[in-house]
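Letters A, B, ... are given to chains in the order of the sequence lines, protein chains preceding strands, and every chain is numbered from 1.
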Number of protein chains: 2
Amino acid sequence: MTPLKTGSKTDSKTAVKPAQNGAHKAAIRQENEEQILAAAEKVFADYGFKGATTALIAEVANVPKANVHYYFSTKEALYRRIMEDVCDHWLEAAMTFDNSADPAIILRGYIEAKMDLSRARPYGSRLWAHEIIRGAKFSSDYISTTVKNWLDSRVVVIRGWITEGKMDHIEPYSLMYMIFATTQHYADFGAQIEIFNNDQPLSETQFAEAKENVVRIILKGVGLNG
Amino acid sequence: MTPLKTGSKTDSKTAVKPAQNGAHKAAIRQENEEQILAAAEKVFADYGFKGATTALIAEVANVPKANVHYYFSTKEALYRRIMEDVCDHWLEAAMTFDNSADPAIILRGYIEAKMDLSRARPYGSRLWAHEIIRGAKFSSDYISTTVKNWLDSRVVVIRGWITEGKMDHIEPYSLMYMIFATTQHYADFGAQIEIFNNDQPLSETQFAEAKENVVRIILKGVGLNG
DNA sequence: ATTTATCTTGACCGTTTGGTCAGGTTAAAA
DNA sequence: TTTTAACCTGACCAAACGGTCAAGATAAAT
């Protein structure tokens, strides 16, 4: 519950940099914030902004409801904070789509990164899905600037590959939408996939095979043989 | 507001079959039910079951809230009714995946039907997305019976194509998930696509091109040349 | 013309909602 | 040890929630 408390005691008396002063208090704060953020991500992912309740978030986080408001002033502030976190992780995956050598390698890397992200942070993906389904009220700025700029620059790269004859003449947006859709489907529609899989979550092996299948179909589909 | 009222008056006096008796009352009922159902589909699609409110449904339907409860006893009853409608339409699209001649023609037809459904009834698709993201609480029975039986039988068909050497050796579930994901993405993530498309909804031409791109990538991706 | 069945809705009810706050506990600083 | 600053939370509030109901309006049947 209260980690880091004793750890700092063994430090030398000179301030090493990570404070030993307010160490306990700081640890409490960090612990509680993390617990609330994790609970909120889950609850918002299940019910969306409007459907989620601060009472349920508090219950999942195992803190009194008033404590949620002590750390995050309003439901909306909490929601925005989580959206930021999700976007940061999305940007990480986006970075794997770089300018290095082979188109097939780049696309494969990006698809695999997005599949891994769906596997590792399904709640983030679902939260994003809620946000877009609802009409992107909170995040339209972020999409129309950061995400759009990133996407448009990738489209330019892909068009370059096409004119160089490295892949088929395919509208890059259609390709990117297919990658978004398919990779995120494994998070957003995980409940459905689990039912189809005889009520068992996809095993690591099954997921690895799915990932490889997605990569293969898409690469071959656009005329790339990695 | 009250259509069909005068129309039946011009009919012959012999009962033609569509009653002229309670015609007006019946018309009112049908009109109101349709209006409420349309509004509810939209509101549930935006906010999910929990996030939607009967007051907003009433406002969108342009009837007093009490009238919503006159036609549909509870919020849940209304929700279930709409889920049924959505499932019926889904089954229609599913029927296009029949046993006729060429695998490429069958797959193309199914993908196009699903794309058209996303275009024609985006709210239904979004409502379904909410339902699954939340964990399929209302529809797990339907998925684990009707939908799963349908999917499993299609998987058998596809495996047949593979053993006959008509297409690549691809796990059929991965292929079907990709089709589900990509086609529904055009409904569920329509807001995002619109932003990427410079805040313009996809035109008929753009959508037709997207549809053709999806078909082409997937067919070629699994080794089918239609 | 009268009765009957259906449709309509403002007002209301108990519960849940996001958010507040006073008064308490705990730990760091003086 | 005392003071101060941060953390904690039961109890509370106004607003919004799903749902009810009585009383009235409308139209079909008698």
Trainee: For the ring pair F180(B) and F189(A), is the centre-to-centre distance below 6.0 Å?
Mentor: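 For F180(B) and F189(A), the ring centres are not under 6.0 Å apart.
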Trainee: Got a donor-acceptor pair under 3.5 Å from the side chain of K75(A) to the base of dG19(C)?
Mentor: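 A donor-acceptor contact between them is absent.
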Trainee: Considering every strand and a 4.0 Å limit on heavy-atom distances, what is the contact class for A58(A): base, sugar-phosphate, or nothing?
Mentor: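 Touches nothing.
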Trainee: Rounded to whole Å, how long is the line connecting atom NE2 of H69(A) with atom P of dT17(C)?
Mentor: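 It works out to 12 Å between those atoms.
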Trainee: Identify whether any heavy atom of A77(A) sits under 4.0 Å from a base atom; if not, whether one sits that close to sugar-phosphate; answer base, sugar-phosphate or nothing.
Mentor: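 A77(A): no heavy atom of the nucleic acid under 4.0 Å.
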Trainee: Quick one: is dC7(C) close enough that its OP1 or OP2 comes under 4.0 Å of any side-chain N or O from Y70(B)?
Mentor: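 Yes.
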Trainee: Whole angstrom is fine here: how far is it from CD in E76(B) over to C1' in dG18(D)?
Mentor: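 It works out to 12 Å between those atoms.
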Trainee: Look at R29(B) and dT6(C) and indicate whether a side-chain polar atom (N or O) is within less than 4.0 Å of OP1 or OP2.
Mentor: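 Result: no.
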Trainee: Rounded to whole Å, please give me the gap between CD in Q30(A) and C1' in dA6(D).
Mentor: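 For the pair Q30(A) CD and dA6(D) C1', the rounded distance is 16 Å.
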Trainee: Whole-Å distance between dA5(D) P and I28(A) CD1?
Mentor: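 Whole-Å distance recorded here is 18 Å.
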Trainee: For E59(A) and dT9(D), what is the distance between atoms CD and C1' respectively, to the nearest whole Å?
Mentor: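 Value for this atom pair: 16 Å.
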Trainee: Can you sort out the partners of Y47(B) under ring pair (Phe, Tyr, Trp, His ring centres under 6.0 Å), two or more places apart, ordered by chain and number?
Mentor: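 For Y47(B) there are no ring pair (Phe, Tyr, Trp, His ring centres under 6.0 Å) partners, ignoring immediate neighbours.
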Trainee: Classify the ring geometry of F196(A) against Y177(B): parallel below 30°, tilted from 30° to 60°, perpendicular beyond 60°.
Mentor: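 Taking Y177(B) first and then F196(A), their aromatic rings lie parallel (interplane angle under 30°).
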Trainee: Starting from the 5' end of DNA chain D, give me the residue, T53(B) or V68(A), whose nearest nucleotide shows up first.
Mentor: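 Nearest nucleotide further toward 5': that of V68(A).
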Trainee: Measure the acute angle between the ring planes of W150(A) and W90(A), then classify it against the limits of 30° and 60° as parallel, tilted or perpendicular.
Mentor: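 If you compare the ring of W150(A) with that of W90(A), the planes turn out perpendicular.
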Trainee: Could you tell me whether the phosphate oxygens of dG10(D), OP1 or OP2, come under 4.0 Å of any side-chain nitrogen or oxygen in N67(A)?
Mentor: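 False: N67(A) side-chain N/O out of range (4.0 Å or more) of dG10(D) OP1/OP2.
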Trainee: Would you mind telling me which of dT17(C), dG19(C), dT9(C) lies closest to the side-chain atoms of K65(A)?
Mentor: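 The answer is dG19(C), which lies nearest to the side chain.
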Trainee: Tell me the closest heavy-atom pair linking V68(B) and V63(B), and the distance in Å.
Mentor: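 Shortest heavy-atom contact: CG2-CG2, 3.9 Å.
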Trainee: It should be established whether Y71(A) places a side-chain nitrogen or oxygen under 4.0 Å from OP1 or OP2 of nucleotide dC8(D).
Mentor: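 True: Y71(A) side-chain N/O within range (under 4.0 Å) of dC8(D) OP1/OP2.
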